[in-house]
Amino acid sequence: MESLTLQWEGLSLRLEAQSLEACPGGYVLRGNRVILEHPFGLTRYYRHGWQSWSLADWVDLAQPPALLMPPERRPQADDPLYAMAKQHGGSAVGALQDPSGKVLLLGALELAGRVGANDQRLFGFYEGAGQDWWVAYGPQEEVFASYANQLALRFGQAPQHPAPRVWCSWYSYYTQIDQEAMLQALHGLQDLPFEVFQLDDGWQQDMGDWQANPKFPAGMAAMAAAIKATGRRAGLWLAPFIVRPSSKLFAQQPEWLLRDAQGNLVPAGYNWGDHFYALDTTHPQVQAWLRQTMQQVLDWGYDYLKLDFLYAAALPGQRHQPVQRELAYRQAIELVRQTVGPEAYLLLCGAPILASLGIANGLRIGPDVAPYFKDENRERYLHDPTGPSTWGALRTSLHRLWLGPLVHLDPDVAYFRSRYNLLSPVERRYLQDLTHICQFKATSDPPAWWDASERAAAQDWLNHNPPIEALGRYRFRIGEREVDFSEVL
Ligand code: 9PG
């Protein structure tokens, strides 16, 4: 480790790293562990959560880090290995704000990097053999843009045609979808310009058994054909890396499951009334099964795939091949991409962020929205900043906009309906505005739940892409209007 000095106008930093190279917009640092000594004291720290749902926010270093539920109880909130850390930290990137408002950023340029901070240091380390880091100092937009640019060089960039407009079944029917209700929603959309009609969770037999359940008696191919007959792409949700104990797969292939050093199953989460577990995607038989599963979905006619709970493939565990866990995840989604081809749209959800770049077309960048604004009890008393709520989704998504040049940003759905909805018109407007800012439009409102004015509002939203201008961290000009999210954050 060398002791080096970094210079910017008005700032000189001592740092520890192997080497340092000046580049346009910043520096590349090398070292498996690097330390920047900063003079900003207990300032604001940009914390970046590991996967789609994990908290991204500017937090106060003077406050203890947000408590999370113990990972044995809830591994799906953030990287479980660091959930109980007493220090401020995040995945891949971190930043500090100086008194003038400028930002000092340290960002990983390889997989499995962590960045933490205290009143004296901004530091990074790699869980694997990684070496390269990006360091930049200046206005927030510029330093995050320079980091995104470096990531594009390393990981590649999704094609930049506009994101499709999506109708998704989750935020109205949840798991209660069936063939009749879906056909009714599909036909109720009539000429509304949605490119994709996407079935979410509820069509499958179980997590692990990706076959139609009895609620889809005509089968999944018939459903896709009905969707395509309306001129739309057929979309389907799957969680290909997780397995429920109730599934046939769990009973038949226990050796495919990810285990810890003691041979115990690694918990991947708790949902649908039970624990669920992860596949070891480095196992050749699992890889063959994954290819077959994805090929079947394509053969049914689905080519917009919302792949969910993906972090499960990157959980700590003993793998068949000793591959670093984020690389194991990346290889698994690469295998999916190879199977479905370059034209299929992959929307990755519950997905480790950095490891998804260059493979995902779209990436969920926050937790689930909900037809209510805030869930304070869950946040405060259950220590879960990732529970569904409109406020929680706004918060994390607004802190991930810098990823825009790399991938389509999915902030989750907007609502237009007042039926079964506790959101006020103003609160609904915030979500609609967020979809404009992210340029990714999706809704789950069944057309039968809209009155005439709500349908007209949805139509208007689908047909217009107002110009967006960032005026501040939380302030935007959207067409003619100014929106300030700090009023509600
Ligand atoms: C389907 C849903 C929708 C939604 C996804 C995802 O922590 N959890 O237990 C947890 C459960 C569900 C969830 C997120 C977190 O939602 O984001 O859009 O597809 O799965 O089950």
Side-chain angles (χ1 to χ4, degrees), residues 49-55 68-80 83 166-177 182 196-208 210 213 215 235-244 246-247 267-278 302 304-312 315 346-353 356 360 362-371 375 378-379 382-390 392-394 396-397 400 409-415 431 434-435 438 440-445:
W50 185 44
Q51 44 103 341
S52 304
W53 307 323
S54 316
L55 178 68
L68 295 178
M69 247 196 246
E72 323 74 86
R73 295 287 316 281
R74 198 178 152 75
Q76 63 258 57
D78 207 322
D79 191 331
V166 182
W167 192 90
C168 150
S169 61
W170 183 249
Y171 300 89
S172 46
Y173 291 97
Y174 296 97
T175 56
Q176 307 298 307
I177 55 173
M182 291 302 96
V196 176
F197 186 91
Q198 181 239 316
L199 302 188
D200 213 282
D201 186 3
W203 64 272
Q204 74 284 0
Q205 290 178 6
D206 211 334
M207 308 305 150
W210 299 103
N213 63 37
K215 295 189 295 171
L236 196 63
W237 174 95
L238 294 97
F241 304 151
I242 63 171
V243 184
R244 261 170 37 120
S246 51
S247 68
Y270 188 92
N271 197 25
W272 308 285
D274 205 349
H275 288 280
F276 55 89
Y277 300 97
Y302 298 88
Y304 174 99
L305 305 174
K306 176 177 173 184
L307 305 182
D308 205 354
F309 291 86
L310 296 181
Y311 65 89
L315 289 169
L346 294 180
L347 176 64
L348 306 190
C349 186
I353 300 290
S356 299
L363 187 58
R364 258 287 284 288
I365 53 165
D368 291 17
V369 300
D375 187 351
R378 183 152 172 181
E379 171 108 6
L382 296 180
H383 304 302
D384 182 11
T386 69
S389 83
T390 288
L394 289 172
T396 287
S397 294
R400 291 235 177 87
L409 305 181
D410 171 15
D412 214 359
V413 303
Y415 297 88
L431 272 185
L434 181 64
T435 66
C438 293
F440 191 108
K441 291 178 192 167
T443 188
S444 289
D445 289 358

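Indexing begins at 1, ligand by ligand and atom by atom, following the structure's order.
- Using 4.0 Å as the threshold, Gly269 has no heavy atom nearer than that to any atom of ligand 1.
- If you check which protein heavy atom lies closest to atom 9 (O) of ligand 1, you get Gln76 NE2, 2.8 Å.
- Numbered from 1 in the order shown, with element, the atoms of ligand 1 that lie under 4.0 Å from a heavy atom of Tyr171 read 4 (C), 18 (O).
- Of the possible donor and acceptor atoms, one in the side chain of Asp412 sits under 3.5 Å from a partner among the backbone N and O of Val369.
- Residue Cys349 has at least one heavy-atom neighbour below 4.0 Å for each of these atoms of ligand 1: 5 (C), 17 (O).
- Remark: distances from the non-hydrogen atoms of Tyr174 to ligand 1 are all 4.0 Å or more.
- Contact annotation: for Pro367 versus ligand 1, there are no heavy atoms closer than 4.0 Å.
- Annotation for ligand 1: atoms under 4.0 Å from non-hydrogen atoms of Arg364 are 17 (O), 18 (O).
- Of the protein's heavy atoms, Asn271 ND2, 3.1 Å lies nearest to atom 11 (C) of ligand 1.
- For Trp53, every heavy-atom contact with ligand 1 shorter than 4.0 Å involves the side chain, none the backbone.
- The atoms of ligand 1 that sit less than 4.0 Å from any heavy atom of Tyr270 are 9 (O).
- Scanning the protein for heavy atoms near atom 3 (C) of ligand 1, the closest one is Asp200 OD1, 3.4 Å.
- At a cut-off of 3.5 Å, with distance as the only test, no side-chain donor of Asp206 or Gln204 sits close to an acceptor on the other residue.
- Scanning both residues, Pro75 and Pro267, for their nearest heavy atoms gives CG-O, 3.5 Å.
- At the top of the distance list for atom 21 (O) of ligand 1, counting protein heavy atoms only, stands Asp201 OD2, 2.7 Å.
- Residue Phe276 does not touch ligand 1, judged by heavy-atom distances below 4.0 Å.
- In terms of polar-atom proximity, Asp308 is counted as a contact of ligand 1, with an N or O under 3.5 Å from an N or O of the ligand.
- Between the side chains of Trp53 and Asp78, not a single donor N or O lies within less than 3.5 Å of an accepting N or O.
- The two atoms that bring Pro240 and Asp308 nearest to each other are CD-O, 4.1 Å, heavy atoms only.
- The nearest protein atom to atom 16 (O) of ligand 1, hydrogens excluded, is given as Asp368 OD2, 2.7 Å; this is a heavy-atom distance.
- For ligand 1, the atoms closer than 4.0 angstrom to any heavy atom of Lys306 are 3 (C), 4 (C), 18 (O), 19 (O).
- In terms of protein heavy-atom proximity, atom 2 (C) of ligand 1 is closest to Trp170 CE2, 3.6 Å.
- Between Asp201 and Trp272, the shortest heavy-atom contact is OD2-NE1, 2.8 Å.
- In plain terms, the two heavy atoms of Ser52 and Leu363 that are nearest each other are OG-CD1, 4.5 Å.
- Not less than 6.0 angstrom separates the ring centroid of Trp167 from the ring centroid of Tyr304.
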